A.B. asks: 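Sharing a structure below in structure tokens format, with a few things to ask.
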Amino acid sequence: MLSLTLRDAQHLCWKNFRKINDKLDPVRGKKWTPFVMVTDLLEEAGEVASVVKGLEGFKPPEKPKTREMLATELSDLLYMVFVLAESITE
Ligand SMILES: [Mg+2]
């Protein structure tokens with residue numbers, strides 16, 4: 001069984017983030033800053049909130065939300081927490 005510490009997970013998220021953005025940064029002409037990372041983290045928190053509102057019946061029923069969507073958005077949020085945490089210790 002694979003045993004992963006939170007620190008390991010943080011490092012893996014950072015490696016994944018670097019792998020993606022080492023290619024995208026030159027195309028974009030800029031790198032992610034901690035400010036942009038915090039903004040992205042807040043955006044993901046908003047996506048979590050949006051799904052919860054949908055699950056609780058406070059969103060239009062045309063676009064139903066699912067618990068799987070909530071799990072995905074929570075993962076997105078945690079990913080950015082890990083990326084931000086690792087970035088400030090680089
Ligand atoms: Mg998301």
Side-chain angles (χ1 to χ4, degrees):
M1 184 179 139
L2 177 66
S3 179
L4 198 68
T5 66
L6 288 175
R7 190 73 175 90
D8 293 336
Q10 178 181 309
H11 190 64
L12 285 172
C13 287
W14 177 250
K15 277 177 63 179
N16 177 265
F17 179 85
R18 286 278 28 112
K19 186 177 173 186
I20 294 167
N21 287 288
D22 283 351
K23 290 179 186 151
L24 292 177
D25 287 350
V27 176
R28 192 186 292 123
K30 59 181 78 174
K31 292 178 177 245
W32 284 65
T33 63
F35 178 75
V36 175
M37 290 176 189
V38 169
T39 303
D40 195 73
L41 191 155
L42 295 173
E43 187 178 328
E44 294 301 342
E47 292 171 6
V48 168
S50 179
V51 174
V52 170
K53 281 183 76 179
L55 288 172
E56 294 296 323
F58 287 87
K59 286 280 189 179
E62 302 84 57
K63 296 180 184 172
K65 306 296 184 189
T66 66
R67 293 173 70 89
E68 288 73 25
M69 292 166 82
L70 178 57
T72 298
E73 296 305 344
L74 285 167
S75 293
D76 289 351
L77 178 58
L78 184 58
Y79 176 83
M80 277 316 298
V81 170
F82 282 148
V83 166
L84 179 62
E86 187 86 2
S87 76
I88 61 175
T89 57
E90 271 280 293

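Bear in mind that the values here come from a model prediction, so they are computed numbers and not experimental data. Numbers here are sequence positions counted from 1.
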A.B. asks: For Leu6, is the CG atom crowded, meaning more than 12 foreign heavy atoms sit under 6.0 Å from it?
C.D. replies: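 No, because the 6.0 Å sphere around CG of Leu6 holds 12 heavy atoms or fewer from other groups.
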
A.B. asks: Phe82: which residues meet the ring-ring contact (aromatic ring centres under 6.0 Å, His included) condition with it, sequence neighbours left out?
C.D. replies: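 Per chain and number, Phe82 pairs via ring-ring contact (aromatic ring centres under 6.0 Å, His included) with no residue.
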
A.B. asks: Could you tabulate the donor-acceptor pairs under 3.5 Å formed by side-chain atoms of residues 33-48, not counting sequence neighbours?
C.D. replies:
from	atom 1	to	atom 2	distance (Å)
Thr33	OG1	Phe35	N	3.4
Thr33	OG1	Val36	N	3.1
Thr39	OG1	Phe35	O	2.9

A.B. asks: Quick one: which residue pairs count as a salt bridge (charged side-chain N to carboxylate O under 4.0 Å, His left out) with a foot in residues 78-88, not counting sequence neighbours?
C.D. replies: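 Of all non-adjacent pairs touching residues 78-88, those that pass salt bridge (charged side-chain N to carboxylate O under 4.0 Å, His left out) are Arg7-Glu86.
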
A.B. asks: Which residue pairs pass the side chain to side chain donor-acceptor pair (under 3.5 Å) test when at least one of the two sits in residues 69-81, sequence neighbours left out?
C.D. replies: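 Sorted pair list: Asn16-Tyr79.
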
A.B. asks: Do Val51 and Val81 sit in one hydrophobic cluster, given that two such residues count as connected whenever their side-chain heavy atoms are within less than 4.5 Å of each other, even indirectly?
C.D. replies: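 Same hydrophobic cluster.
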
A.B. asks: Would you compute the distance between atom NZ of Lys31 and atom CG of Asn21 and round it to the nearest 0.5 angstrom?
C.D. replies: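 Lys31 NZ to Asn21 CG: 9.5 Å, rounded to 0.5 Å.
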
A.B. asks: To the nearest 0.5 Å, what is the distance between CG (Leu4) and NE2 (His11)?
C.D. replies: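 It comes to 11.0 Å.
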
A.B. asks: Would you compute the distance between atom CH2 of Trp32 and atom OG of Ser87 and round it to the nearest 0.5 angstrom?
C.D. replies: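 The distance works out to 10.5 Å.
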
A.B. asks: My understanding is that only residues two or more places apart in sequence, or in another chain, count here; which of them pass side-chain contact (heavy atoms from CB on, under 4.5 Å) with Glu68?
C.D. replies: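 Listed in chain order: Thr66.
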
A.B. asks: For a quick test of reading the model, state the closest non-hydrogen atom pair linking Met69 to Pro64 and the distance between them.
C.D. replies: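 For Met69 and Pro64, the tightest heavy-atom pair comes out as SD-O, 3.8 Å.
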
A.B. asks: Please, which pairs that meet salt bridge (charged side-chain N to carboxylate O under 4.0 Å, His left out) have at least one residue in residues 17-27, sequence neighbours excluded?
C.D. replies: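 Found Arg18-Asp22, Arg18-Asp25, Asp25-Arg28.
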
A.B. asks: Could you grab the distance from atom CG of Leu12 to atom CD of Gln10, nearest 0.5 Å is fine?
C.D. replies: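 Answer for the CG-CD pair, Leu12 versus Gln10, is 10.5 Å.
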
A.B. asks: For Cys13 versus Val83, what's the shortest heavy-atom pair and its separation?
C.D. replies: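 Cys13 and Val83 have their closest heavy atoms at O-CG2, 4.0 Å.
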
A.B. asks: Treating Ile, Leu, Val, Met, Phe, Trp and Tyr as nodes and any side-chain heavy-atom pair under 4.5 angstrom as an edge, say whether Leu55 and Leu74 lie in one connected cluster.
C.D. replies: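 Leu55 clusters together with Leu74.
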
